[in-house]
Each structure stands twice: as structure tokens, then as C-alpha cells.
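Values reported hereafter were calculated over all heavy atoms of this structure, with side chains retained and with hydrogens, waters and symmetry mates removed. A note on names: the letters A, B, ... follow the listed sequences, proteins ahead of strands, and every chain is numbered from 1.
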There are 2 protein chains.
Amino acid sequence: MYKGVECEWGLNHGLIGSSNLLPGIAVRGKLAAIGSIRHHREGDGLFHEGSEASCILYIDSGVVKVINSLPGGKEIVQGFLFPGDLAGFGEYGGYAATVKAITPVAAVHLRAAAVEALLRSDPDLQSQIFFKLCQNLRLAQQHVVSLVQPSAKKRIVMLLNLLRIHSQFPRQSPEQIHLPMSRTDIADYTGLAVETVSRNFQRLQREGTIRLITSHCVEITDERVFESLLRTED
Amino acid sequence: MYKGVECEWGLNHGLIGSSNLLPGIAVRGKLAAIGSIRHHREGDGLFHEGSEASCILYIDSGVVKVINSLPGGKEIVQGFLFPGDLAGFGEYGGYAATVKAITPVAAVHLRAAAVEALLRSDPDLQSQIFFKLCQNLRLAQQHVVSLVQPSAKKRIVMLLNLLRIHSQFPRQSPEQIHLPMSRTDIADYTGLAVETVSRNFQRLQREGTIRLITSHCVEITDERVFESLLRTED
DNA sequence: CGCGACGTTGAAGCGCCTCAACCACGGTGG
DNA sequence: CCACCGTGGTTGAGGCGCTTCAACGTCGCG
């Protein structure tokens, strides 16, 4: 069944070789050369769960969410993709999830066949892709860790911590975190009710840990408390 | 941040080529040739979170669990590995998780460097590995889906459904499912308290959906109800 | 101005967690 | 052989936190 961390293969060390530390800029160039850039409005679906997986996306700018739809119309947010991320990769048959833009998005659309051909002739690109795949598995495992937390507060703090690295000025102080997604998206990612998400944002603010500048921008006002929330058992 | 389903890349179609449907038997042979088989007792740790990732494991027989340890001593079960599965693959630096045997286990131990060399010379094996990596990502996503379920009952039913495919006689009727892991392991996988797990097993039995033959073996007595529990929104 | 989407706040109820006790089983040692 | 103990599983009672349902506030837009 579930192979979880099996993902944590040892492979990459050499397979990827020394190139795995290069930023993804080369990747973008290589992919853009064989694809076409398309622009999507906020709320647009880039592809849909179950439909034939013929295209791969490279997110050039903007943010998208990766979701699974449940019978009752409820949505589960598996994650968010930022510039430099890939979507629609590794599907066999239909897409395993729906991808929707939560901001205006520019994406490179690539035919799967073209990408495969390119990968065969470019071991370096292949390594980069493999590296990204492993990264994703880690992120999925982190998501699992956050979902297992019994307290809503900690789940939210863990999400904020993940979003931290996507702020354009890393480690500025006081640190501000931009939240491109809605409260509903956060609820669907953390497995909580929207009201619970809202209440816990307010609570963190009352306690002096964060400050809500707008509903889509928070500032960490007490780094020590924030870090300790991440570390403490509960 | 989290790239979740991004994993569902389109890559494999051609990269893996026509060989991706072959069973893993060839993989076992190739790996066994460059590794050594070791036997582990129930409860043994095969490797530990954080320690240097120098080895890769191929599970030959038995079942292991993949766990993350939390500050408070609590464990999170990311998944279970069965014969044919790999562990310790794709690590950069230290292992991302601990792997422990939950039954007696025979595993092929491989030096990461040796595997990398083999992979470079064997594109077919490389494809098989890549395929497994994608599989894992799907499983992790399924795990997330089960954790987001608000009801304990459904989380447990989803786990049982996953374990179904590992019963040696698939689709026998009445269908029996072997549970090699303890209630504690199930609790740590589903994010529930042990008592809740136990209570819901009993409840499913009272309702006539399953029958507990032993605490490690259940039989699905009402397939229709079982399936509907998987499908209904809640 | 009025409408709708989104976010917040309040009140009530249920489900899961916690703490505690009990039971079944296997291993150990007297 | 059986008393003893430790582990794993089950059952009960009580409390807290999240969900649900409902209402209200706010902002952007027609």
C-alpha cells in the first residue's frame, strides 16, 4: 500500500550529479523553448481531475492550488504551486487532481510527448525533474504531519511556516507573509472549517504572535512564540 | 511551497516506455545482485530519521512502517512498506524518516553509490524507480485525503481499503484483510487516539460491515455498505 | 444603493481525546 | 504448574475543541 517515505530514495546523489543545486532557471529556458506561454485569470481551471493528462505545466508567475474534489462537493487542497513549480507531471492516464489559479497566472503549456523526448536527450534536465519529484514527496509528508496535529492552531502555524519561504524578501524583519489564497482554501488545506481558521487567526493575533495586516497578509510579531509553536509537542 | 500533485507529471508515459507495466521481479533480481540480504526481527529499526542516508532498502518479505517522531515522543506513521517496495531512496543527507519492522523482515541492503551507478547504466531500471516514486506521491495524496475526513470511521475504512490490495488472495469472498500493524500504528497513521480506533472497529462490527476474526484480521461482511462508506461525502 | 463574495463572530451540539479501569494473552520465574 | 507482570486491546465517563448553523460586517462592483 502506501509507500510514504520510500520516496526518500538515495538515488539523487549521483544520478542528479552536481547539477542538482542549480536554480531552476535553466529548466525554465529549456521548457519554454518547446512550449507556449498562456495566461489565466484568477479562478480559472488549468486542468481537471480525471481528464486526459496530455499537458504539463510550468508555472511562470502567479499561484495555483492543487485540489481533489470529494463526492459532497467538498474540496481538498493538496497544495499550492508557485513560480518554478511543475504540474501535471507523472500522470498515467487522467490527471489525479484539478489545478486552479488563485491569482492571475502565466504558465508554460507543454505537450507531454515533447517533454519526454527532451528529457531523454537531456540527462541534466531529467535530474532536475527527479529532484523536484522528491521535493514534492517531502512536502506531501509535511502536509501529513500538519494534518495529524490535533490542534487547529498548530496546523495553521505550520502552513504559515511553509508560506514563509515564498515571501519575496526572505528573512526581513518584521517578517511579513503573503497569503494569496482565501480562508476557504486554507480550511481545505488544513482540513478545518472556515470559521475555525478565522478564529485561530484572530486568536494568534490576540496572543501577540502575529498581526493581520490585511486578510491576505500577516506579520509575525513574536518570532520566539511562533517557533515554539512549531516545536512544542502540543 | 507544497507542490502536492505536481507529481502527477506527464513524464512517465514515454520515459518509462513500455517497460513500466512489468512487475518488479526484474528489479529485485537486479538489486539483489549488488546488495546483501539481511534479516530483521519485529520491532527492529532498519534506519533512523536524521542519520546519514547511505543505504537503500528493498523489502523482500515482511512489512515495515515509515514513521516521523514528534517532539513529545509521539509517532506519525507516514505509511507501510510491503514486499517489492523501496525505502531510503531520494534522500539528500539524512533520512527523512525512521523505518521499523512490524513483522520479521528480509531486506536487500544496498549502498546508495552502487545503486546510482547501476541506474546510470540501466535506463529500464531507472524507469521502474521513477514509476515507484510517482506511485508514492499518489499514496501520500491519498493519505492526505483520508486525514482530512472529519469522521474517524471513514479514516479507518479508507485504511482498510488500502490494505485490501495486499491480501494474498485478492478479491476472494468473503474478503479477509490482514492487518500486520498494531492498533497504535493504525492510530498514528490515521491521526486518531488508540481508543477511537478500537471503538470504531467495534462499531463497524456491530453495524455488520466487518467482522473481527482476530485483532489482526478482519473480514468485510457487507461489501455494499463498505463501498458506500468510501463514496459518501460523509 | 443593493447585491454577492468573503471574512468574522456568536451559540449550541457532537465527536474525539483524555484519564482510568479492565481484560486477554504470552513470557518469565519461583 | 501457576502466580506474576508487561503489552496490547477494549470499554467507560467526562471535558474540551471543533463543527454546524446562523447572523452580521466589510469590501468591491454593477
S.K.: May I have all residue pairs that pass salt bridge (Lys or Arg N to Asp or Glu O under 4.0 Å) and include part of residues 38-47 of chain B, sequence neighbours excluded?
M.R.: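 Non-adjacent pairs meeting salt bridge (Lys or Arg N to Asp or Glu O under 4.0 Å): zero.
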
S.K.: Please work out if A:Gly191 contacts a base, only the sugar-phosphate, or nothing of the nucleic acid, heavy-atom cut-off 4.0 Å.
M.R.: sugar-phosphate

S.K.: Please give, in whole Å, the distance from C:dC6 C1' to A:Ile186 CD1?
M.R.: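 One finds 12 Å between C1' of C:dC6 and CD1 of A:Ile186, rounded.
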
S.K.: Once you round to the nearest 0.5 Å, how far does OG of B:Ser69 lie from CD1 of B:Ile76?
M.R.: 9.0 Å

S.K.: Just to verify, what does A:His39 make a side chain to side chain donor-acceptor pair (under 3.5 Å) with, not counting sequence neighbours?
M.R.: none

S.K.: Suppose the criterion is salt bridge (Lys or Arg N to Asp or Glu O under 4.0 Å): which pairs have a residue in residues 179-194 of chain B, not counting sequence neighbours?
M.R.: B:Lys65-B:Asp185

S.K.: Under 4.0 Å from a heavy atom of chain B: give me the 5'-most and 3'-most nucleotides of DNA chain D that qualify.
M.R.: D:dG9 to D:dA13

S.K.: Could you tell me which residues satisfy salt bridge (Lys or Arg N to Asp or Glu O under 4.0 Å) with A:Lys100, sequence neighbours excluded, listed by chain and number?
M.R.: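 A:Lys100: salt bridge (Lys or Arg N to Asp or Glu O under 4.0 Å) contacts with A:Glu75.
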
S.K.: Below 4.0 angstrom, N of the basic side chain to O of the carboxylate: do A:Glu227 and A:Arg231 qualify?
M.R.: yes

S.K.: Which atom pairs link the protein and nucleotides 8-14 of chain C when you take only N or O atoms and keep those under 3.5 Å?
M.R.:
residue, atom, partner, partner atom, Å
C:dT8, OP1, A:Arg183, NH2, 3.4
C:dT8, OP1, A:Gln202, NE2, 3.1
C:dT8, OP2, A:Arg183, NE, 2.8
C:dT8, OP2, A:Ser198, OG, 2.9
C:dT8, O5', A:Ser198, OG, 3.0
C:dG10, N7, A:Arg199, NH1, 2.9
C:dG10, O6, A:Arg199, NH2, 3.3
C:dA11, N6, A:Arg199, NH2, 3.4

S.K.: Mind checking side chain to side chain donor-acceptor pair (under 3.5 Å) for A:Lys153 and listing every partner two or more places apart, or none if nothing turns up?
M.R.: A:Glu207

S.K.: Could I get the full list of side chain to side chain donor-acceptor pair (under 3.5 Å) partners for B:Ser146, not counting sequence neighbours?
M.R.: none

S.K.: Counting just side-chain N and O atoms, does A:His216 come under 4.0 Å of either OP1 or OP2 of C:dG7?
M.R.: yes

S.K.: Reading DNA chain D 5' to 3', what string of ( ), [ ], | and . shows its pairs, if Watson-Crick and G-U wobble pairs count only when both distances fall under 3.5 Å?
M.R.: ||||||||||||||||||||||||||||||

S.K.: Which residue pairs satisfy the salt bridge (Lys or Arg N to Asp or Glu O under 4.0 Å) criterion with at least one member in residues 50-63 of chain B, sequence neighbours excluded?
M.R.: B:Arg28-B:Asp60

S.K.: Just the rounded figure in Å: distance from C1' of C:dC17 to CD of A:Gln149.
M.R.: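 Answer to the nearest Å: 15 Å.
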
S.K.: For A:His216, which residues count as a ring pair (Phe, Tyr, Trp, His ring centres under 6.0 Å) partner, sequence neighbours excluded?
M.R.: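 Here no residue qualifies.
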
S.K.: Measure the distance from CG on A:Leu147 to P on C:dC16 and round it to the nearest whole Å.
M.R.: 16 Å

S.K.: Could you work out, with side chain to side chain donor-acceptor pair (under 3.5 Å) as the rule, every residue matching A:Arg111, not counting sequence neighbours?
M.R.: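 None.
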
